[in-house]
Amino acid sequence: MRIFKHSSSLNKLSGRSRFLGYEVSITSSNAGKGAAGVAGYTFRGLRAAEGSVSIFLIMVLAFVFLFNAVLIDYARIAAVNVQEERLARAAIRSVMSAYDIELREGYGLFAFGGGDGNQLLSKVLNDNLYESGRGDAFNLLPVMVDSSSLDWSRPLGSYEVFRRQIIEEMKYKAPVDFALELAGKLKPLSAAMTEASRTTNVLGDLQPLYDQREEALDLMLRKRREAADSARKLQKLLMDPPGNSISALTLGPLASGSDIPAMYGDYVNKYYEDYYRDSKRWPRYTAVLSRYENQTLELAGRIPAALADFQESNNRLLEEAAAAFEQVKALNLQMKSVIEQADAEASAAGDDPARSWDIPETAGELSSEPLKKLREQVEGLILPSSEISEMENNIGVQRSAALPMEPVVSSLPAILSTAAGLYADHSLMTSGVLDASQAVNGYIGSYGQHGTVIAAEAARIESRRTSDGERKQIERQAKEKLGDAMNLLDQIRALGGSAGEGMEQYRSLRRYHQENVSFNEGVEQEPAASVNTSSHYAAGQSSMKDMDGIYAAMGSVLEGARDRLYQTEYSAMYFRHFDLSALTSLASGSAEGAGEQLGEQLKPQAQELEYILYGFYNPAGNVASAYGEIFAMRLAVRTMEGMIEKSGLGNPLVVLAAALLYGIEQAIQDMILLCTKGEIPLSKYMTAKLSYRDYLRLFLLLHGGGEEQLARMLALIRLNTGINPIEKFTYASTELTLGMPLWFLPGVVKLVDYSAGLPGDIRGKTYLRTVGADFSY
């Protein structure tokens, strides 16, 4: 403020003036007193402007308060959002922590088993939102539950869920167990078993073709013999028995054409004897002469028909022989095609499918060279083209050999007819009969039942069959031994009749299985019935095919097909298998009282693994199937050994027959040993042993991995625990709505919500937000 020093200046301020922007009214009672009179002046304008300043300050303070209030509620809202999300996750975890203990400990599975999930959820929320009873407590976030809900899904009875839990349970266990326990044991046999399978398959395919071809060859020879033998009727009509001369005979009944010239001399003599008789006497030979003449004409008339019958039969039978030979050629080509196809498949597949397995072996690899040499010998079963051409030419030669008979036989009736008179040429008749007879007899002698030409051809064919007799004898023995093994399987199946209580459990098991299949919208598959075969060749091929399948399944697992392996190993780990020692007496040949001795072993709980594998609702059906499949695998391994042992027999078909006989005999002994000892060596060349459980694991790997096995496992779980997997859930979703009262201006917060987009809603003075959380085992 500027100070006026002169009174004149103050006098000039009297009246109304503006000072620092304010209108100031100054009065002076003593203008002449100078500066000392300043204190007497009043500022009335300042007192009049005090309200404007207060409003300004209030506006500033209100804005600050509004900002802070909204900021505080907004911060509380953010804190509540975080707390609500954490609370939702904690609540759903707490609810799902109440898993079923029996399922977890018994089968390694997780499913909710805590009773009422909504009650558990409410308890968890109440415990987390509980407020202490202190009156001086300050609750910054007074959260309250407006609503809560819990939804269940993904039941354990769903194949997808069940398979996922199996994978989680087995992903650290199954690969090590499988690689070390099974794959390492079987790998050394892979090359030999692969070659044995190829040899068995190609020889098994060739054997029926070979037998059919040889039967067709025999049919061809038989038809050719029958064609020649069809001339015997004509031969008998011409000369019976055939000979090189015709002796004279007295008149009598004519049996053949040779009798006509043989009796012709006596005919002439008797004719003249009657002619020159005493006139007083009656002719003595009229009836005899007449009979000779009539029989001569009748017999001569039968020759053309007999010739025609022979020609028709000969041509027809030779055509049948030619047709049989065409079948020979077709079968020979088919055999050649089988060999070529087998060679092509072997070249494409390689020698050893297990060579690429990256696992340690338990023993050295068994060489497959003896088996390869055996398979190379199958070419000797094919008829060479030169022999085929020779056989075909021989049929044509026989056809030509029958042609010379026609002119000499067809001219004979005219010659013999002259014998009905006195002037017949006896020598002409004799030579005519002899020529015709020799022509017919020559054809029969060459190609008839004991014909020299046909016998030589048959001998050449038989020279290739030197081993067929031995082979057929071995086949009969093998068929008998295989029949004994199949009868044992039938006896095992028959044990189910004494199950009693077990049958009711099997009916419950089937109902549970059907309910699970229906829940998964699947179709129930009937188990494949095991067929007993009396053909050792079919049994050998089938067993080799199963071994190929086992190696292929193991290869696919080691290359990354994890689901099948996990499911197989899970089944073997958590489900019981049959005690095979209960079949010791039956396998050893004593079936008396076997059904009563089994007892509890016929219940489904004692053969769960077999039921999972085969699915029969028969107390002994699954055990019989497992026994039969193990026998087939042993047959495959032992047949491979037999091929090595019997390779010195030469003929590949004989080697196969002997190998199958060896395999059947040794497989029967293996089954007895498995029942008594519980395990058997993999092969006589390998010391590694496989137990009954190991075999079931291999078969699960071969047949398992599908939904049928999942349904059977779920049915067993329900039977054993009383827990229905369809009603047990593995996934839960919760939705919580929490509320928090706002402290300040809910309208302003709601206005902010329009622009900023809060995650919740404002209802009255309460902020509400809904949040969800999920949890899966």
Side-chain angles (χ1 to χ4, degrees), residues 178-206 338-379 540-559 561 630 632-649 652 655-656 658-660 662-663 666-667 670 680-690 694-695 697-699 701-702:
F178 175 79
L180 296 182
E181 293 182 21
L182 293 180
K185 294 179 181 179
L186 290 175
K187 183 179 179 181
L189 276 183
S190 175
M193 287 306 307
T194 298
E195 193 60 41
S197 176
R198 292 169 182 167
T199 304
T200 301
N201 287 334
V202 68
L203 288 176
D205 291 339
L206 287 176
V338 167
I339 295 174
E340 292 173 350
Q341 183 177 356
D343 291 341
E345 291 176 354
S347 300
D351 295 334
D352 183 4
R355 190 177 299 277
S356 61
W357 295 359
D358 187 16
I359 57 173
E361 299 175 2
T362 57
E365 179 181 330
L366 179 62
S367 175
S368 61
E369 288 303 317
L371 299 168
K372 289 183 179 179
K373 292 180 180 179
L374 175 62
R375 189 160 60 87
E376 291 170 357
Q377 297 175 10
V378 298
E379 291 287 349
Q541 285 184 290
S542 177
S543 65
M544 290 295 181
K545 184 178 180 181
D546 288 345
M547 282 297 293
D548 291 342
I550 288 174
Y551 276 105
M554 292 169 61
S556 66
V557 164
L558 293 173
E559 290 173 4
I630 295 174
M633 183 173 174
R634 297 309 307 163
L635 174 60
V637 174
R638 293 299 196 173
T639 299
M640 177 272 294
E641 298 173 2
M643 288 181 181
I644 297 175
E645 296 288 327
K646 307 296 182 180
S647 58
L649 294 177
V655 173
L656 176 61
L660 286 171
Y662 173 90
Q666 295 301 315
D670 287 342
I680 48 178
L682 181 59
S683 167
K684 67 179 292 184
Y685 304 115
M686 297 291 166
T687 58
K689 295 183 178 181
L690 291 180
D694 291 335
Y695 282 105
R697 291 167 68 194
L698 288 173
F699 301 147
L701 196 66
L702 176 62

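Heavy atoms only: backbone and side chains are in, while hydrogens, waters and symmetry mates are out.
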*Asks:* Taking the side chain as every heavy atom from C-beta outward, state whether P681 and T687 have any atom pair closer than 4.5 Å.
*Replies:*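 Of all side-chain heavy-atom pairs linking T687 with P681, none is under 4.5 Å.
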*Asks:* Hey, mind stepping through L374 and S647 against side-chain contact (heavy atoms from CB on, under 4.5 Å) and telling me if it holds?
*Replies:* CA-CA 7 Å; L374 175 62; S647 58; 5.5 Å; no
*Asks:* Salt bridge (Lys or Arg N to Asp or Glu O under 4.0 Å), that's the test. Do E376 and K373 meet it? Break it down for me.
*Replies:* CA-CA 5 Å; E376 291 170 357; K373 292 180 180 179; over 6 Å; no
*Asks:* Indicate the atoms forming the closest heavy-atom contact of Y551 with L186, along with that distance.
*Replies:*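 Of all heavy-atom pairs spanning Y551 and L186, the closest is OH-O, 2.7 Å.
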*Asks:* Over all heavy atoms of both residues, which pair between L371 and A192 is shortest? Give the atoms and the distance, please.
*Replies:*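 In terms of heavy atoms, the two residues are closest at CD1-O, 3.2 Å.
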*Asks:* Any idea which heavy atoms bring A688 and K185 closest together, and the distance?
*Replies:*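 Closest approach of A688 to K185, heavy atoms only: CB-CG, 4.0 Å.
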*Asks:* Should I630 and M633 be marked as a side-chain contact (heavy atoms from CB on, under 4.5 Å) after you check the CA-CA gap, both sets of side-chain angles, and the distance that decides it?
*Replies:* CA-CA 5 Å; I630 295 174; M633 183 173 174; 5.7 Å; no
*Asks:* Quick test of your reading: applying salt bridge (Lys or Arg N to Asp or Glu O under 4.0 Å), list the pairs with at least one residue in residues 545-556, sequence neighbours left out, ordered by first then second residue.
*Replies:*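 Qualifying pairs, neighbours excluded: none.
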*Asks:* With sequence neighbours excluded, tell me which residues meet salt bridge (Lys or Arg N to Asp or Glu O under 4.0 Å) with D205.
*Replies:*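 If we apply the salt bridge (Lys or Arg N to Asp or Glu O under 4.0 Å) test to D205, skipping adjacent residues, there are no hits.
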*Asks:* Looking at S543 and A632, what are the two nearest heavy atoms and their distance?
*Replies:*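 In this case the closest contact between S543 and A632 is CB-O, 2.9 Å.
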*Asks:* So among L203, T199, D343, which one has a side chain to side chain contact (heavy atoms under 4.5 Å, CB included) with V378?
*Replies:*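 Answer to the side chain to side chain contact (heavy atoms under 4.5 Å, CB included) test with V378 among L203, T199, D343: L203.
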*Asks:* Between S190 (side chain only) and K187 (backbone N and O only), is there a donor and an acceptor less than 3.5 Å apart?
*Replies:*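 Checking the backbone N and O of K187 against the side chain of S190, no donor-acceptor pair under 3.5 Å is found.
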*Asks:* K684 and side chain to side chain donor-acceptor pair (under 3.5 Å): which partner among E645, E641, Q666?
*Replies:*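 The residue from E645, E641, Q666 that satisfies side chain to side chain donor-acceptor pair (under 3.5 Å) with K684 turns out to be E645.
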*Asks:* Measuring only between side-chain heavy atoms, which start at C-beta, is M193 closer than 4.5 Å to M544?
*Replies:*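 They are in contact (side-chain heavy atoms under 4.5 Å apart), so the answer is yes.
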*Asks:* Would you call L189 and M547 a side-chain contact if the rule is heavy atoms closer than 4.5 Å?
*Replies:*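 With C-beta onward as the side chain, the pair stays apart.
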*Asks:* Using 0.5 Å steps for rounding, measure from the CD1 atom of I644 to the OG1 atom of T639.
*Replies:*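 Taking CD1 in I644 and OG1 in T639, the distance rounds to 11.5 Å.
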*Asks:* Which heavy-atom pair separates A342 from V202 by the least distance, and what is that distance?
*Replies:*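 Taking A342 first and V202 second, the nearest heavy atoms are CB-CG2, 3.9 Å.
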*Asks:* Show your working on side-chain contact (heavy atoms from CB on, under 4.5 Å) between I550 and L701 and close with a plain yes or no.
*Replies:* CA-CA 7 Å; I550 288 174; L701 196 66; 5.8 Å; no
*Asks:* Please report the shortest heavy-atom distance between R638 and G663, naming the atom on each side.
*Replies:*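 Closest heavy-atom pair between R638 and G663: CB-CA, 3.6 Å.
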*Asks:* Set out, in order, the CA-CA distance, both residues' side-chain angles and the distance that settles side-chain contact (heavy atoms from CB on, under 4.5 Å) for I680 and R634, then state yes or no.
*Replies:* CA-CA 10 Å; I680 48 178; R634 297 309 307 163; 3.5 Å; yes
*Asks:* Is any side-chain heavy atom of R697 less than 4.5 Å from a side-chain heavy atom of D694?
*Replies:*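 Yes, their side chains come closer than 4.5 Å.
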*Asks:* Check for a donor-acceptor pair, side chain of K646 on one end and backbone N or O of L656 on the other, with a separation under 3.5 Å.
*Replies:*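 It does not hold such a pair.
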